[in-house]
Amino acid sequence: MLSVRDLTVSVGPATAPVDIVAGVSFGLAKGEILGLVGESGCGKSMTSLAVMGLLPQPGPRVRVGEVLLEGCDVTQLQPWQRVEAGHGRMAMIFQEPMTSLNPVRRIGDQIAEAVRVHEGISGAAALSRACELLELVRMPDPRMQLSAYPHQLSGGQRQRVMIAIALACRPQVLVADEPTTALDVTIQVQILGLLRELCNRLDMAILFITHDMGVVAQLADRVAVMYAGRIVETAAVDELFGKPRHHYTRGLMDCMPSRNSGARRLPTISGQPPVPGTVAAGCVFALRCAAVRDVCRVATPPRMEVSRGHEVLCAFPLGGGELP
Amino acid sequence: MSGDVILDVRDIMVSFSARRAGRKYRVQAVDGASLSLAEGEVLGIVGESGCGKTTLGRTIVGLVRPDSGTIRFNGADMIGAGSSSLREMRLKVRMVFQDPNASLNPRRAIGDSVAEAGDISGFFKTRAERSAAIAATLTAVGLNPAFADRYPYELSGGQRQRVGIARAILPTPSIIIADEPVSALDVSVQAQVLNLMMDLRDQLRLSMLFISHDLGVIGQISSRVAVMYMGRIVEHARTRTVLDQPLHPYTRALVAAIPKPDPSKRILGAIEMGEPPSLFTRPRGCAYAPRCPLASDRCFVEVPNLRSAGTDGRTIACHNV
Ligand SMILES: Nc1ncnc2c1ncn2[C@@H]1O[C@H](COP(=O)(O)OP(=O)(O)OP(=O)(O)O)[C@@H](O)[C@H]1O
Ligand SMILES: Nc1ncnc2c1ncn2[C@@H]1O[C@H](COP(=O)(O)OP(=O)(O)OP(=O)(O)O)[C@@H](O)[C@H]1O
Ligand code: SF4
Ligand SMILES: [Mg+2]
Ligand SMILES: [Mg+2]
């Protein structure tokens, strides 16, 4: 369905570009949910914006790579061509609802507009579809809230409006950037259940960005772990949680509060991620890796398939592995 | 509870008027919430989205005027206070906002935003002192000090959230009202920020109201937790007690819905939560009754009041447990 190859997003002058996303590749099949996790600032949002063709202008740009939607490279298209190429069948839920909602328009009108654009139906019908969508995302009093302005809603209610807008175009591919972060767990479990159902029923595919390992475990089919602009490990969800192979993935799992309840201090991964553009050679995780060896600092590690569908970007993965 | 009570909040009522479908309604966002905070204590607040957590926090820092109720900071009334003592209190009681974008000025460099409270109050003696304080605060929240010269749009979501925390701790306040302060952070940065907040609590005796929907995080940082439902506190107890033996039916649902980081224990589709409550037509009795598996006739007519349950100071508002 969707195939991303060698995606590289850069900022700075063309003569000295700084890569904030560096050679990211992944595929997304019909009905599949791929969880994308990784440290804050590692490039998850930039990856998803690039996939959608929505990178902010001016600023970051796609320097290398392609994003193929059913075989057609959408990075090469102008915005008006994207709709025709089926790009209108991709929708995105943004990380921060307040910046993407119009503060002076009623939310009902904002959802209805998305419905109109994608389904070509008129005022009243679009509004009633907007109401259905609000009900679908578990908004209380959907009919009444159609006339609310964004500032009159709580953080989690705004988030649900964003989800409703994204679902308005009946997308085949949904890119969701931290869609349930502002929701309490009782509503989160309902929204995650809804997304899973849409995948199963309509074959919708989801790129689901989150930092919540619990959510990934509950929802994703496969997981990609990102660090400093690169995907360092991908595997089926059971495999990733059962047998993480990258040292960074392992570190992430060890930091989870639920695995440390009552501890005086939480374990952290010591050190800071590298500032983009400063890693000249070697492994991006070398500075913070407990298992680092000399070769890691000079040679870029190979991408190894440690078992079927389980790839890791590390020369010395946990649990061993044959060098190619 | 130990130590001196630094913040005492009683019977806060906040309502908004809202026009919907041509009619005027009053939305009761906070419906008689009370809580207190001792020096060096962290009180967690959890509850359903829209139950009034942010509104309660904004009321405490003076951004929303309550319809009734009292807020005392070190014994002094904060609602009726004059403007000069109010300004002083504003420096002592600070908020980390839920939506970092809504509170960061897009045209100000990060460093200036972080120093804002200090600048207004004349806290910094020299420019060098100011720069050093900004750098130290950014480092404390796990950001590179070089970010001081950047603008919000150049930062990722989690980086902006940490700027929001940095703004609230310079100069160091006595109380922080933290509204979902770590919700946009991955687990490793989250651990780093939580460790920082625990240090502030232990070393500077800072008190915090920690609003979060992540019970794992609450369990880590707060000794007590208040569970809110539709503007009221329905259960209040030690965090461990609540997590291990939730009593109130809503708290039980909340604990059951925590996503476990184990793909073999999937709960999606397996639990039924019922419809979220309407804000415009409040039930007459217990607000949770329409969804509650334990509801009896009494629940639909009589509002349950908080009463003590058990020995370790737990209180709960439910007729049937
Ligand atoms: N316009 C820009 N100029 C320079 N650097 C930028 C710009 N926009 C983003 N960055 C940097 O690119 C990196 C990747 O940002 P991105 O928003 O993709 O992170 P993220 O993985 O989504 O993080 P989070 O989990 O915190 O949302 C960050 O380190 C950020 O500081
Ligand atoms: N200015 C306003 N006008 C009308 N209603 C409002 C206004 N501000 C908030 N509300 C309503 O008051 C209720 C409480 O909102 P609040 O933001 O305090 O919820 P919350 O508990 O913080 O939720 P969340 O977890 O989603 O952030 C919500 O249902 C919201 O719709
Ligand atoms: S008072 Fe009744 S309806 Fe309310 S939580 Fe208790 S049992 Fe349920
Ligand atoms: Mg992001
Ligand atoms: Mg809120």
Side-chain angles (χ1 to χ4, degrees), chain A residues 37-41 45 56 59 95-99 138-141 143-145 147-148 152 154-157 178 181-190 192-193 196-197 211-215 217-219 237-238 241 251-253 255-258 260-262 265-269 272 275, chain B residues 16 18-21 25 46-50 54 98-99 101-102 142 144 146 153 155-159 162 180 183-192 194-195 198 213-217 219-220 240 253-254 257-264 266-269 271 273 275-280:
Chain A
V37 300
E39 184 141 325
S40 170
S45 296
Q95 186 170 6
E96 279 139 3
M98 232 4 200
T99 35
R138 300 281 166 160
M139 177 74 93
D141 315 290
R143 185 158 301 283
M144 308 261 264
Q145 295 292 34
S147 50
Q152 296 174 323
S154 78
Q157 290 164 347
E178 309 261 9
T181 297
L183 302 177
D184 69 281
V185 290
T186 60
I187 292 172
Q188 172 169 275
V189 73
Q190 291 172 321
L192 297 182
R196 173 45 84 189
E197 191 193 319
H211 65 271
D212 188 329
M213 300 302 266
V215 169
Q218 291 292 323
L219 184 72
V237 66
D238 307 301
F241 279 82
L252 271 186
M253 307 240 166
C255 299
M256 288 189 286
S258 57
N260 298 286
S261 61
R265 282 190 90 70
L266 291 164
T268 56
I269 303 172
Q272 302 261 333
V275 174
Chain B
F16 297 108
R19 284 200 84 79
R20 293 291 189 286
Y25 291 87
V46 295
E48 187 157 76
S49 169
T54 298
Q98 183 170 10
D99 194 331
N101 270 328
N144 193 316
Y153 73 90
L155 268 52
S156 77
Q159 290 164 345
R162 280 175 277 167
E180 303 279 5
S183 63
L185 304 178
D186 66 280
V187 280
S188 64
V189 178
Q190 192 176 67
Q192 201 180 329
L194 287 175
N195 284 340
M198 289 192 273
H213 65 268
D214 188 332
L215 285 155
V217 168
Q220 188 61 44
R240 279 261 57 91
L254 202 61
I258 298 175
K260 305 190 180 39
D262 181 348
S264 64
R266 288 206 166 174
I267 54 172
L268 292 189
I271 47 179
M273 288 293 163
E275 292 302 309
S278 163
L279 280 165
F280 301 101

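Bear in mind that the values here come from a model prediction, so they are computed numbers and not experimental data. Just so it is clear: chains get the letters A, B, ... in the order the sequence lines come, proteins before strands, and each one is counted from 1.
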Segment of L155(B) engaging chain A (4.5 angstrom heavy-atom cut-off) | neither

Heavy-atom distances under 4.5 Å only: say whether S183(B) touches chain A with side chain, backbone, both or neither.
-> both

Are side-chain N/O atoms of Q192(B) and T268(A) paired as donor and acceptor at under 3.5 Å?
-> no

Which atoms of [X] are under 4.5 Å from chain B, going by heavy atoms: the side chain, the backbone, both sets, or neither?
{"X": "Q157(A)", "result": "both"}
{"X": "E197(A)", "result": "neither"}
{"X": "S40(A)", "result": "both"}
{"X": "S45(A)", "result": "neither"}

Who wins among G158(B), P263(B), A257(B) for the most heavy-atom pairs under 4.5 Å with chain A?
->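 Sorted descending by pairs with chain A, the first entry is P263(B).
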
Are any non-hydrogen side-chain atoms of D238(A) and S264(B) less than 4.5 angstrom apart?
-> no

Identify which of P140(A), G38(A), G193(A) forms the greatest number of heavy-atom pairs closer than 4.5 Å to chain B.
-> P140(A)

Closest-packed option against chain B by number of heavy-atom pairs under 4.5 Å, given V237(A), I269(A), V37(A), D212(A) =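 So the answer, after comparing V237(A), I269(A), V37(A), D212(A), is V237(A).
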
To the nearest 0.5 Å, tell me how far [X] [atom1] sits from [Y] [atom2].
{"X": "Q218(A)", "Y": "I267(B)", "atom1": "CD", "atom2": "CD1", "value": "4.5 Å"}
{"X": "I258(B)", "Y": "D184(A)", "atom1": "CD1", "atom2": "CG", "value": "11.5 Å"}
{"X": "D186(B)", "Y": "E178(A)", "atom1": "CG", "atom2": "CD", "value": "9.0 Å"}
{"X": "Q98(B)", "Y": "T181(A)", "atom1": "CD", "atom2": "OG1", "value": "11.0 Å"}

Closest heavy-atom pair and its distance - L268(B), L219(A) |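 Closest heavy-atom pair between L268(B) and L219(A): CD1-CD1, 3.7 Å.
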
Give the minimum heavy-atom separation between P259(B) and V185(A), together with the two atoms involved.
-> CD-CG1, 3.8 Å

Step-by-step side-chain contact (heavy atoms from CB on, under 4.5 Å) determination, H213(B) to L183(A) = CA-CA 7 Å; H213(B) 65 268; L183(A) 302 177; over 6 Å; no

Applying side-chain contact (heavy atoms from CB on, under 4.5 Å), name anything that partners Q190(A), two or more places apart in sequence or on another chain.
-> R138(A), I187(A), M273(B)

